[in-house]
There are 2 protein chains.
Amino acid sequence: MAKTEKISEAVIRRLPIYLRYLTHLQEMGITTVSSQQMGSTLDVNPAQIRKDLAAFGEFGKKGIGYDVQYLIGKIRHILNIDQELRIAVVGAGHLGHAISNYNDYLRDNMRIVAIFDTDPQKFGEEIAGLKIQPLAELKQTVKTRHIRLGIITVPDFAAQMVADELIDAGIEGILNFAPITLRTDKEVRIDYADLTSSLQSLAYYLN
Amino acid sequence: MAKTEKISEAVIRRLPIYLRYLTHLQEMGITTVSSQQMGSTLDVNPAQIRKDLAAFGEFGKKGIGYDVQYLIGKIRHILNIDQELRIAVVGAGHLGHAISNYNDYLRDNMRIVAIFDTDPQKFGEEIAGLKIQPLAELKQTVKTRHIRLGIITVPDFAAQMVADELIDAGIEGILNFAPITLRTDKEVRIDYADLTSSLQSLAYYLN
DNA sequence: TAGATTGTTAATCGATTAACAATC
DNA sequence: TAGATTGTTAATCGATTAACAATC
């Protein structure tokens, strides 16, 4: 990263969108793209795209635009997904089940490699090629399998406990689907993906 | 709504979080809460909470705080969830399956009442008490059952087509789980909930 | 009354957009 | 060279936070 200004969360939320479109262009054999073209497809101001990218280095060529393949490599590097990134899912209910089947969509080196639950009836059951493990095995599995991210898909009343376990196990980032604000005093990034809240926000815009 | 200043999306994203906590307080029998208390639990600046709420009216009492039950009613009204709000899910794969089972978690009058797919093999199959219907029936079902929101859980290549169908059917808001930016010239709100993008953003914060 | 807490104004901080010199 | 497009500065716009008078 060329610059030292701090990067806002808004920028980081847009980078995956850029990456997804660039990958699409690459698949179509397109080698160069301008901020103008990207912006009009993605509904983002071209100046915004240039500024977002420029915060990390000079990736484009004046008068030409951006080399698709080169830019893909740069964004993947920025996002830490130029290395294999292993993920654990905790909660083998319907949602955990669905997410565990997501590996085909998680390109770019992200991979769900373990799934946990507390219900003994589920232990050993297979989901998407993964055996459901007891939560008690979390810490050891995280260590031996070098898992860095966790996804929480347990009911709300269990979510804080699971978060504590994940953090104690050395997980570095959490994506929480449970409808509860998690608390920690550790340096762990926690993002939220709560369906109920999303739908309620959406409902505001009716009429 | 007492004021006419325009409300930012950030405010609308926080209201469901406030509502969730207030509901929790109500269940615990707590009748009054201050912005201070809410803020410290939810990790939100108390001034922010007061300003968010004040944009819609004077809901609190100086020196006292907010009446929990009263504020719940107000926020539900603001979010349009003081009426039953019906939702259709399009895409009966793993994720659509999981979401269709979400009705128990969708309190506050939101309800998934129909699920659609294009695979004839799935027609008639039951998920969470709902029979999977052919996409061809979408328009009629939306009209007769007064469905106002749509959730897209189809693969990326089908998402734009499904969005067009939903909009044509008269849907007023869409929550899209497919990893693609949807385009429309109609006045329809489209929100995004893309797991891959969320995980990629999360990955940035590693180290 | 004294203490607490709102609603709101002003101050600050941050993010987006416009404009354009540099340059491919 | 002429046209196109970046990187970046300046201008604008918007959101967050602090502070405090009003008042329960």
Side-chain angles (χ1 to χ4, degrees), chain A residues 1-18 21-22 25 30-72 74-75 78 181 201 204, chain B residues 1-18 21-22 25 30-72 74-75 78 181 201 204:
Chain A
M1 291 159 216
K3 305 296 180 58
T4 30
E5 34 172 311
K6 66 170 166 320
I7 308 298
S8 79
E9 302 201 1
V11 175
I12 301 307
R13 269 199 309 277
R14 284 189 294 268
L15 290 182
I17 311 299
Y18 302 160
Y21 177 57
L22 290 162
L25 290 178
I30 294 167
T31 57
T32 300
V33 68
S34 69
S35 59
Q36 169 59 239
Q37 288 172 265
M38 288 184 67
S40 80
T41 307
L42 299 177
D43 260 335
V44 181
N45 183 300
Q48 172 109 249
I49 295 175
R50 294 200 299 279
K51 198 157 210 285
D52 286 353
L53 297 173
F56 298 99
E58 303 197 3
F59 300 151
K61 280 205 176 55
K62 292 188 173 75
I64 308 289
Y66 298 92
D67 182 272
V68 170
Q69 191 156 6
Y70 179 76
L71 191 52
I72 286 174
K74 285 298 183 184
I75 294 180
I78 292 163
T181 301
S201 296
Y204 171 79
Chain B
M1 291 156 216
K3 305 296 180 58
T4 30
E5 36 173 309
K6 67 171 166 318
I7 308 298
S8 79
E9 302 201 0
V11 175
I12 301 306
R13 269 200 308 276
R14 286 189 293 268
L15 290 182
I17 311 299
Y18 303 160
Y21 178 58
L22 290 163
L25 289 179
I30 294 166
T31 58
T32 300
V33 67
S34 69
S35 59
Q36 169 59 241
Q37 288 173 265
M38 288 184 66
S40 81
T41 308
L42 299 177
D43 260 335
V44 180
N45 183 301
Q48 173 108 254
I49 294 175
R50 294 200 300 279
K51 197 159 211 284
D52 286 353
L53 297 173
F56 299 99
E58 303 197 3
F59 301 151
K61 280 204 175 54
K62 292 187 174 75
I64 308 291
Y66 299 91
D67 181 272
V68 171
Q69 190 156 6
Y70 178 76
L71 190 53
I72 287 176
K74 285 298 184 184
I75 295 181
I78 292 163
T181 302
S201 296
Y204 171 79

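Proteins get letters first, then strands, A, B, ... in listed order; numbering begins at 1 in each.
Atom CD in B:Gln37 sits about 14 Å away from atom C1' in C:dT6, given to the nearest Å. Going from atom CZ of A:Phe56 over to atom P of D:dT8 covers 14 Å, rounded to whole Å. One interatomic measurement links the two molecules: NZ of A:Lys74 to C1' of D:dT6, which rounds to 17 Å at whole-angstrom precision. Atom-to-atom, CD1 of B:Ile12 to P of D:dG14 comes out at 16 Å; the value is rounded to the nearest Å. Rounding to whole angstrom units, CG of residue A:Leu71 and P of D:dT6 are separated by 11 Å. Going from atom CD1 of B:Ile49 over to atom P of C:dT8 covers 17 Å, rounded to whole Å. Distance, B:Ile7 CD1 to D:dA15 P: 10 Å, rounded to whole Å. A straight line from CD of B:Glu9 to P of D:dT16 spans 12 Å, rounded to a whole angstrom.
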Query - B:Leu53/B:Tyr66 under side-chain contact (heavy atoms from CB on, under 4.5 Å): CA gap, chis, key distance, verdict - result: CA-CA 10 Å; B:Leu53 297 173; B:Tyr66 299 91; 3.8 Å; yes
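In this model, the phosphate group of C:dA4 is not approached by any side-chain N or O of B:Tyr66 to a distance below 4.0 Å at OP1 or OP2. For D:dT5, the OP1/OP2 oxygens have no side-chain nitrogen or oxygen of A:Ser35 closer than 4.0 Å.
With rounding to the nearest 0.5 angstrom, the CD1 atom of B:Ile17 is 10.0 Å from the CE atom of B:Met38.
Nearest nucleotide to the B:Ile64 side chain, out of C:dA18, C:dC24, D:dC24: D:dC24. The side chain of B:Lys51 has C:dA10 as its nearest neighbour among C:dA10, D:dT8, D:dC24. Here the nucleotide nearest the side chain of B:Gln48, chosen from C:dA18, D:dT16, D:dG14, is D:dT16. Comparing C:dA22, D:dG14, D:dT23 by their nearest atom to the side chain of A:Lys62 picks out C:dA22. The nucleotide whose nearest atom lies closest to any side-chain atom of A:Ala47 is, among D:dG7, C:dA18, C:dT8, C:dA18. The side chain of A:Ala54 sits closest to D:dT8 out of C:dT23, D:dT8, C:dT6.
In this structure, B:Ser34 contributes its side chain and B:Gly65 its backbone to no donor-acceptor pair below 3.5 Å.
A:Ser35 pairs with exactly one of A:Lys51, A:Arg50, A:Gln48 by the side-chain hydrogen bond (donor to acceptor under 3.5 Å, both in side chains) rule, that one being A:Arg50.
Of the two residues contacting DNA chain C, namely B:Arg50 and A:Ser8, the nearest-nucleotide position lying further toward the 5' end is that of B:Arg50.
Across all strands shown, the partner of C:dA21 is D:dT6, judged by Watson-Crick or G-U wobble contacts whose two distances both fall under 3.5 Å. Pair check for D:dT12 finds C:dA15; Watson-Crick or G-U wobble, both atom distances under 3.5 Å.
Looking only at side-chain heavy atoms (C-beta outward), B:Leu71 and B:Tyr18 stay at 4.5 Å or farther from each other.
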